[in-house]
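Take a look at the structure below.
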Amino acid sequence: MKSFKNSAFARFFTNFPKIMFANLLYTIPSTICFAIFGLIGYLTGFQNVIVWFLGIIPAYPLYAGLVMVIRKIAIEKEDINVLDTFKTSVKDNWKTLINGIITYLIVTLSVFAILYYYSMASVSAVYSALLTLYLFFSAMLVATMFYVPMMNITYDIKLLQVYKNSFILVFGKILRSVLTLLAVAVPTAVAFFAIMLTSNVWLLISGILVSLIYPLFYTYIVVSIISKPLQEAVGSFTKKDDKYVVLPKERDIEKEKKLMDENKDSEYVFVNGRMIKKDK
């Protein structure tokens, strides 16, 4: 019974207010970003995914905050200050703007490719085959992106290694990857049909609800499912272990404060995980 209370499933409900707060910290500014680019598209007459999806880029560092909060609550079972954890993660991971650009390119090119092959499928069976292959390729890319945000916020490794490890994990942990794809397909389908099957004021309501709720369910599902295989393959989230070759990049702020107090009379101070000599 105690084990169930500490499971990621149970903690979703017992910590829902905190999770929702973190989700709003991500969703509100992200929605504003997408709205700005949507307005730019409307004003310039250039209304397509090339402009609309530009909001992915500035929203990506914010997503690091949401992933970190959910990781702390669902996986590490910690009682955290959501605002502080969110802000620290965004600040420490602002370089994920690069991942935002990569994600933007993946999403935009995939949409164009799928629409093109779909429109040409009635012309030739070759395009039907290409559409099938590209859907498989897109699913692989989506599965790869499950791991990327978690690696960015957790491990001190280079960007190329992040993508290399994520790609390897898609096939190295194929059952988890497929399970995650199937699990996120449910809220994704609900969100899609909520938008496609409504109109007028109901479309607006559906859009708001999807914007507010979908990132929460998507992220919680992904983090809960991939965390175990990710730690087994790359390294622990919270502690050093002899079998791991990669250490967490997350700073233990409380430990740093304690060490700074202990060494305040020393000529060295503890900063960002290492001892440095004080300036004279």
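Reckoned from all heavy atoms, side chains included, excluding hydrogens, waters and symmetry mates.
A donor-acceptor contact shorter than 3.5 Å links the side chain of Asn23 to the backbone of Leu212. Side-chain atoms of Lys18 never come within 3.5 Å of backbone atoms of Val82 as a donor-acceptor pair (strictly under, hydrogens ignored). Proximity of a side-chain donor or acceptor of Ser89 to a complementary backbone N or O of Ala64 within less than 3.5 Å is detected. No side-chain donor-acceptor contact under 3.5 Å links Asn200 to the backbone of Trp202. Side chain of Tyr155 to main chain of Gly235: a donor-acceptor pair is present (N/O by atom type, distance under 3.5 Å, no hydrogens or angles). Under a 3.5 Å cut-off, the side chain of Ser119 and the backbone N or O of Tyr116 do form a donor-acceptor pair. At least one donor-acceptor pair closer than 3.5 Å links the side chain of Ser7 to the backbone N or O of Ala10.
Contact of the Ile57 side chain with the Leu97 side chain is registered, since non-hydrogen atoms from C-beta on lie closer than 4.5 Å. Within the 4.5 Å cutoff, side-chain heavy atoms of Val49 are placed close to those of Trp52. Looking only at side-chain heavy atoms (C-beta outward), Ile50 and Tyr104 come within less than 4.5 Å of each other. Inter-residue side-chain proximity for Pro58 and Phe37 is flagged as met; some heavy-atom pair is nearer than 4.5 Å. Contact check for Pro61 versus Asn93: no side-chain heavy atoms found under the 4.5 Å cut-off. Contact annotation: the side chain of Tyr163 approaches that of Leu159 to within less than 4.5 Å [non-hydrogen atoms, C-beta and beyond]. For the pair Leu216/Tyr26, no side-chain contact is recorded, criterion being any heavy-atom separation below 4.5 Å from C-beta on. Taking 4.5 Å as the limit, some side-chain heavy atom of Val201 sits within range of a side-chain heavy atom of Ile205.
Cluster annotation: Met120 and Leu133 are assigned to distinct hydrophobic clusters (Ile/Leu/Val/Met/Phe/Trp/Tyr, side-chain heavy-atom contacts under 4.5 Å, transitive). When the side chains of ILVMFWY residues are joined at heavy-atom separations under 4.5 Å, either directly or via intervening members, Tyr60 and Ile36 end up in a single hydrophobic cluster. Note on Met196 and Val210: separate hydrophobic clusters, where clusters join Ile, Leu, Val, Met, Phe, Trp and Tyr whose side-chain heavy atoms are under 4.5 Å apart, directly or indirectly. Linking ILVMFWY residues whenever their side-chain heavy atoms come closer than 4.5 Å, directly or via other members, leaves Ile168 and Phe146 in distinct clusters. Under the 4.5 Å side-chain heavy-atom criterion for Ile, Leu, Val, Met, Phe, Trp and Tyr, Val190 and Tyr218 are members of distinct hydrophobic clusters.
Residues Met151 and Val162 share a closest heavy-atom pair of SD-O, 3.6 Å. Between Phe34 and Gly55 the shortest heavy-atom distance is CZ-C, 3.6 Å. The nearest pair of heavy atoms linking Ser166 to Tyr147 is OG-CB, 3.5 Å. Among all heavy-atom pairs drawn from Ile225 and Ala183, the shortest one is CD1-CB, 3.9 Å. The two atoms that bring Leu24 and Pro29 nearest to each other are O-CD, 3.8 Å, heavy atoms only. When all heavy atoms of Ala8 and Tyr220 are compared, the closest pair comes out as O-OH, 2.5 Å.
Surrounding NZ of Lys77 are more than 12 heavy atoms belonging to other residues, nucleotides or ligands, all under 6.0 Å away. The neighbour count for Tyr42 OH, taken as heavy atoms of other residues, nucleotides or ligands under 6.0 Å away, does not exceed 12. Crowding of Asp84 atom CG: a count of heavy atoms from other residues, nucleotides or ligands under 6.0 Å exceeding 12. By the 6.0 Å contact criterion, CZ on Phe46 is open, its count of non-hydrogen atoms from other residues, nucleotides or ligands being 12 or less.
Expressed to the nearest 0.5 Å, how far NZ of Lys158 lies from CG of Asp156 amounts to 10.5 Å. Atom-to-atom distance recorded for Thr14:OG1 and Asn6:CG is 8.5 Å, nearest 0.5 angstrom. Residue Leu25 holds its CG atom at 9.5 Å from NZ of Lys87, rounded to the nearest 0.5 Å. Separation of atoms CD1 (Ile153) and NZ (Lys72) is listed at 9.0 Å; rounding is to 0.5 Å. Here Asn152 contributes atom CG and Asp92 contributes atom CG; the two are 12.0 Å apart, rounded to the nearest 0.5 Å. Atom CD1 of Ile101 is separated from atom CG of Leu54 by 10.0 Å, given to the nearest 0.5 angstrom.
Under the 3.5 Å distance criterion, with hydrogens and angles disregarded, no donor-acceptor pair is assigned to the side chains of Tyr63 and Ser30. Side chains of Thr188 and Tyr214: a donor on one and an acceptor on the other come within 3.5 Å.
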I would like to know whether Ile114 and Leu135 meet side-chain contact (heavy atoms from CB on, under 4.5 Å); could you show each step before the answer?
CA-CA 7 Å; Ile114 290 172; Leu135 287 173; 4.0 Å; yes
Is there a ring pair (Phe, Tyr, Trp, His ring centres under 6.0 Å) between Phe16 and Phe13 once you walk through the steps?
CA-CA 5 Å; Phe16 186 78; Phe13 297 99; 7.8 Å; no
Please test Phe21 against Leu83 for side-chain contact (heavy atoms from CB on, under 4.5 Å), starting from the C-alpha separation and ending with a verdict.
CA-CA 8 Å; Phe21 179 44; Leu83 183 59; 4.2 Å; yes
Are Met150 and Ile75 close enough, and set up right, to give a side-chain contact (heavy atoms from CB on, under 4.5 Å), and what steps lead you there?
CA-CA 12 Å; Met150 285 283 284; Ile75 308 303; 5.6 Å; no
Report the C-alpha separation of Tyr134 and Ser110 in whole Å, then their side-chain angles, then the decisive distance to 0.1 Å, and conclude whether the side-chain contact (heavy atoms from CB on, under 4.5 Å) test is met.
CA-CA 8 Å; Tyr134 200 86; Ser110 294; 3.6 Å; yes
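Among Arg11, Met68, Glu78, the one residue that satisfies the side-chain contact (heavy atoms from CB on, under 4.5 Å) test with Ile73 is Arg11. None of Ile157, Thr144, Leu230 except one satisfies the side-chain contact (heavy atoms from CB on, under 4.5 Å) rule with Asn165; the exception is Ile157.
When ring centroids are compared, Phe217 and Phe12 come within the 6.0 Å threshold.
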